[in-house]
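Here's the structure, in structure tokens; my notes come after.
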Amino acid sequence: MTTDLRIAVILNPALPAGYAANTAAAIGMGLAALQPDIAGSRLTDRTGLTIHGSSRLPVPILAAGQEALQALLAKAAATSGAQSPEGYVIAFPSFARALHDHQEYEATFGTHSLVEEELDGIGLLGPSKWVRSLTGALKLLR
């Protein structure tokens with residue numbers, strides 16, 4: 001993976017605020033698991049309080065409706081993959097919200113086709129040029 005990394009989280013703007021926040025958090029955790037070095041470092045303030053910083057990279061939260069999310073997923077999947085990934089794609093399908101056990105989610109996942117499922121959001125991590133090519137026309141989530 002290149003050192004010129006960019007992150008983008010793209011959410012369906014029709015989601016209620018709580019679902020949008022949960023989706024963004026889940027996608028963010030998945031992105032950090034892919035590249036742990038994008039997570040923040042330990043920081044100490046002048047009083048000695050030490051915390052862990054959140055992210056070494058900006059994490060824009062962008063908006064895309066259902067059709068745009070599906071098109072983005074298709075385009076991103078066509079240029080990423082296990083062999084020689086251009087970048088990484090994380091999808092949060094709507095059906096996942098009803099599953100509260102990750103083993104159940106993993107067992108159920110293979111019975112679905114993401115191109116036919118509603119998506120709550122997508123996360124991208126990869127070279128800046130790749131992420132920009134996929135998200136350049138999207139606006140910030142408001």
Side-chain angles (χ1 to χ4, degrees), residues 1-46 49-142:
M1 180 72 58
T2 179
T3 58
D4 176 34
L5 292 178
R6 181 171 288 273
I7 296 171
V9 175
I10 305 94
L11 300 179
N12 182 339
L15 290 173
Y19 283 4
N22 175 260
T23 301
I27 289 171
M29 289 182 69
L31 293 170
L34 289 169
Q35 290 271 266
D37 61 325
I38 66 172
S41 56
R42 291 173 53 100
L43 303 169
T44 303
D45 74 5
R46 66 179 172 83
L49 175 65
T50 299
I51 63 165
H52 290 275
S54 56
S55 176
R56 294 179 191 270
L57 299 173
V59 184
I61 308 296
L62 307 172
Q66 199 54 233
E67 286 183 24
L69 282 169
Q70 287 296 342
L72 178 62
L73 178 63
K75 187 174 178 183
T79 59
S80 69
Q83 296 298 345
S84 165
E86 176 73 19
Y88 296 102
V89 180
I90 293 180
F92 192 110
S94 299
F95 72 82
R97 191 154 315 282
L99 304 171
H100 300 288
D101 177 69
H102 191 72
Q103 289 178 326
E104 182 182 0
Y105 174 68
E106 286 180 342
T108 305
F109 192 85
T111 66
H112 295 270
S113 170
L114 288 182
V115 298
E116 298 172 358
E117 294 290 337
E118 273 194 38
L119 299 172
D120 286 355
I122 295 173
L124 302 172
L125 169 64
S128 290
K129 182 177 178 182
W130 180 74
V131 174
R132 281 190 181 123
S133 74
L134 294 167
T135 62
L138 300 177
K139 300 202 181 307
L140 285 173
L141 180 68
R142 302 228 182 256

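- Within the model, atoms CG of Leu62 and CG of Leu134 stand 11.0 Å from one another, a figure rounded to the nearest 0.5 Å.
- No side-chain heavy atom of Leu31 sits less than 4.5 Å from a side-chain heavy atom of Val59.
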Before you tell me yes or no, could you show the steps for Glu106 and His102 under side-chain hydrogen bond (donor to acceptor under 3.5 Å, both in side chains), namely the whole-Å CA-CA distance, both residues' side-chain angles and the distance that decides it to 0.1 Å?
CA-CA 6 Å; Glu106 286 180 342; His102 191 72; 3.1 Å; yes
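- The aromatic rings of Phe95 and Phe109 lie tilted to each other, with the angle between the two planes from 30° to 60°.
- Interatomic distance, CD1 of Ile7 versus CG of Leu34, reported as 10.0 Å (0.5 Å rounding).
- Atom CG in Asp120 sits 8.0 Å away from atom CD1 in Ile27 (nearest 0.5 Å).
- For the atom pair CD1 (Ile61) and CG (Leu141), the distance works out to 7.5 Å, reported to the nearest 0.5 Å.
- With a 4.5 Å cut-off on side-chain heavy atoms, Leu119 and Gln66 count as touching.
- When side chains are defined from C-beta on, Asn12 does not count as touching Tyr19, because their heavy atoms never get closer than 4.5 Å.
- Taking every heavy atom of both residues into account, Pro60 and Leu140 meet most closely at CB-CD2, 4.3 Å.
- With contacts defined as side-chain heavy-atom distances shorter than 4.5 Å, the pair Leu124/Arg6 does not qualify.
- Of all heavy-atom pairs spanning Trp130 and Gly87, the tightest one is CZ3-CA, 3.5 Å.
- Counting only heavy atoms from C-beta outward, the side chains of Leu5 and Arg56 never approach each other to under 4.5 Å.
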Audit row: Phe92, Leu11, side chain to side chain contact (heavy atoms under 4.5 Å, CB included) steps and yes/no:
CA-CA 9 Å; Phe92 192 110; Leu11 300 179; over 6 Å; no
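- Pairing each heavy atom of Ile10 with each of Ala64, the nearest pair is CG2-CB, 3.4 Å.
- When all heavy atoms of Thr108 and His112 are compared, the closest pair comes out as O-CD2, 3.1 Å.
- Minimum interatomic distance between Gly65 and Pro13 (heavy atoms only, all atoms of both residues): N-CD, 4.0 Å.
- We find the OG1-CG distance between Thr50 and Asp45 to be 7.5 Å, quoted to the nearest 0.5 Å.
- For the atom pair CG (Leu15) and OG (Ser94), the distance works out to 7.0 Å, reported to the nearest 0.5 Å.
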Assess the residue pair Thr23 and Arg97 against the criterion (side chain to side chain contact (heavy atoms under 4.5 Å, CB included)); give the C-alpha distance rounded to whole Å, side-chain angles, the decisive distance to 0.1 Å, and a yes or no.
CA-CA 9 Å; Thr23 301; Arg97 191 154 315 282; 2.5 Å; yes
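- Minimum heavy-atom separation, Leu73 to Ala91: CD1-CB, 4.4 Å.
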